[in-house]
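Worksheet: the structure to be examined is printed underneath.
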Amino acid sequence: MSKKQVVVIDYGMGNLWSVASAIRFLGAEALITTDTKEISAAKFLILPGVGSFRRAMEIIRQKSIDQAILQSLSQTDVKLLGICLGMQLLGSASSEDGNTQGLGLVPNEVHKFTNTADTRLKIPHVGFSEVKHDANTKLFSGIPSESCFYFVHSYFMALTPTIKGIATCHHGTEFVAAFEQGQVSGTQFHPEKSQSMGLNLLKNFLES
Amino acid sequence: MLSRNFRLQKVGDIDWLEKNYGFSNVGFSIDELIVLDVSRNPRNREEFSEVLKTLTNDCFAPIAAGGGINSVADATKLLRSGADKIVVNSALHSNKQLISELAQEFGRQCIVASVDCKQIEDNFYIATNNGSNLTALTLTNFLEQCSNLAIGEICINSIDRDGTGNGFQIELLDCLPELFEIPVIICGGVGNFSHLAEGLKDARVDAVATANLLNFMGDGLGSARSQLVSLGIDLPIFNLH
């Protein structure tokens, strides 16, 4: 059997190197590409990224990567995983720098953490934090609830409206740590930087 | 490696590091890894990037790297060699424009500010260029200005304690403003796990860093971590198979 091929979407933002190296470690092939033909032909798609939501969406639309993702997802056996900013981009909009529309694959919005004298919140939220899940998702198969994953972000995806296969994390407020809704899934944390737990999750994605 | 009040100490080359560390294993004892090029001669970026690549291969933990970052190109090179975050030190003071450019390019969460502090009477002063250049800027003043800097974390190191194994200089934390939003890493002086515990129990600290337990203490990190967990300190457990 030939190796599974994972397309890692390159829109010029974020550390694709470490995502690709985790995929290769798990025995699959990683193709880092910006080519819409390769994206629309993918079986496994990863949308990584760190940085500005607005800038990311500008590039994604300009390069027609949004269309390529939708085209790929029209095949029902195709799976998409958004990581960090990549997960947020799957949401409907972000309040960063005004308001920017996302890919809208889930209806949730993205907001900035706010620091008050009461919450004394550190921003960005950085480090390993517990992730709670009770749903029977493929992503978290064999991974106990309250396992720790590595986060680094200043914006978060809101829990409402309720979407499927939610895992949550707490940093001043509860937010979406991960979700799995049919073909589309996302993690706010970086599985490629979360040691064995993260590798297990990526392995689950490849086997989904 | 910088050690014993910032005198340079050689512990070994990359082969030695690989043989003695096995980062893919040590990975389970740490949350994150910081790799610094502390060369005193003109730095060889090509060589450091290759070392970083070898070091971080199959290490699936967050990695911050730095040492003499002078341009976006320097940072890009490290980020393409396995780093997730860039550590900046001297440029925080000599090249503020670079900090904005780095933040614009990679996001502020990608930038770890590192400050080396030296105590003179009752004040802590910041030193740059591997600690060789003592500035007139106090840590207190620097931290007050930090909200204007696009940085994601700050690592506060004590030159006086670094490499001594006598414990953190906790007084450094008294320089922090009341509402400080940026995550704080304290560094310099760890000799055993109880020093790490002292740092982690302080509400002003978000993370503790040590080189000593990693470089000189056999399974220093692994045993320190399990002792911290047995003290009830909330650390992630990684070794699920």
Side-chain angles (χ1 to χ4, degrees), chain A residues 12-19 21-26 49-53 55-56 84-85 113-131 142-144 146-155 171 189-202, chain B residues 24-33 52-53 56-64 76 78-86 102-112 147 150-154 178-185 203-208 234-241:
Chain A
M13 291 171 73
N15 196 348
L16 313 170
W17 193 90
S18 56
V19 175
S21 106
I23 296 298
R24 289 179 191 129
F25 181 82
L26 293 168
V50 290
S52 152
F53 190 104
R55 189 158 161 229
C84 196
L85 175 65
F113 285 116
T114 43
N115 186 16
T116 64
D118 291 338
T119 57
R120 306 195 69 126
L121 218 51
K122 290 296 179 90
I123 304 172
H125 167 220
V126 53
F128 282 85
S129 296
E130 279 184 4
V131 169
I143 298 173
E146 300 182 9
S147 294
C148 292
F149 292 88
Y150 180 72
F151 291 82
V152 48
H153 60 129
S154 302
Y155 288 77
H171 185 66
F189 52 83
H190 288 269
E192 79 283 11
K193 289 285 148 189
S194 298
Q195 310 229 22
S196 49
M197 291 297 181
L199 292 174
N200 277 335
L201 184 136
L202 285 173
Chain B
S24 33
N25 298 326
V26 144
F28 294 121
S29 302
I30 57 170
D31 285 29
E32 304 192 32
L33 181 64
L52 189 62
K53 265 187 203 169
T56 57
N57 194 32
D58 293 348
C59 179
F60 300 104
I63 291 148
T76 307
L78 297 186
L79 291 170
R80 290 192 181 157
S81 306
D84 305 290
K85 298 187 270 200
I86 294 299
L102 289 172
Q104 222 154 31
E105 193 67 27
F106 310 114
R108 66 173 259 229
Q109 84 296 324
C110 189
I111 303 166
V112 181
S147 53
I151 55 177
E153 290 168 73
I154 181 161
E178 179 61 13
L179 263 183
F180 195 69
E181 195 175 275
I182 304 160
V184 172
I185 307 164
R204 298 167 293 184
V205 169
D206 299 283
V208 289
D234 194 14
L235 294 177
I237 312 282
F238 292 126
N239 46 351
L240 171 106
H241 292 289

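What you see is a predicted model, and the numbers here were worked out from it, not measured in a lab. Values below: every heavy atom of this structure, side chains too, minus hydrogens, waters and symmetry copies.
If you measure heavy-atom distances from B:Glu153 to chain A, the contacts under 4.5 Å come from the side chain alone. Interface remark: A:Arg55 contributes side-chain atoms only to the contact with chain B (heavy atom separation under 4.5 Å). Only the backbone of B:Ala83 comes within contact range of chain A, with heavy atoms under 4.5 Å apart. Looking at A:Ser52, there are no atoms closer than 4.5 Å to chain B (heavy atoms on both sides), in backbone or side chain.
Chain B forms more heavy-atom pairs under 4.5 Å with one residue of A:Leu199, A:Leu16, A:Val50 than with any other, namely A:Leu199. Contact count versus chain A (heavy atoms, under 4.5 Å) is highest, among B:Pro183, B:Pro236, B:Gly152, for B:Pro183. Between chain A and the residues B:Leu79, B:Ile63, B:Asp206, the most heavy-atom pairs under 4.5 angstrom are made by B:Asp206.
The shortest distance between side-chain heavy atoms of B:Ile151 and B:Ile182 falls below 4.5 Å.
No donor-acceptor pair under 3.5 Å is formed between the side chain of B:Arg108 and the backbone N or O of B:Leu102.
Atom CG in B:Asp31 sits 11.5 Å away from atom CG in B:Leu33 (nearest 0.5 Å).
Annotation: A:Phe149 is not in aromatic contact with A:His190 [ring centroid separation under 6.0 Å not met].
Salt bridge annotation for B:Glu181-A:Arg120: absent, with no cationic side-chain nitrogen under 4.0 angstrom from a carboxylate oxygen.
Between A:Ala22 and B:Phe60, the shortest heavy-atom contact is CA-CE2, 3.4 Å.
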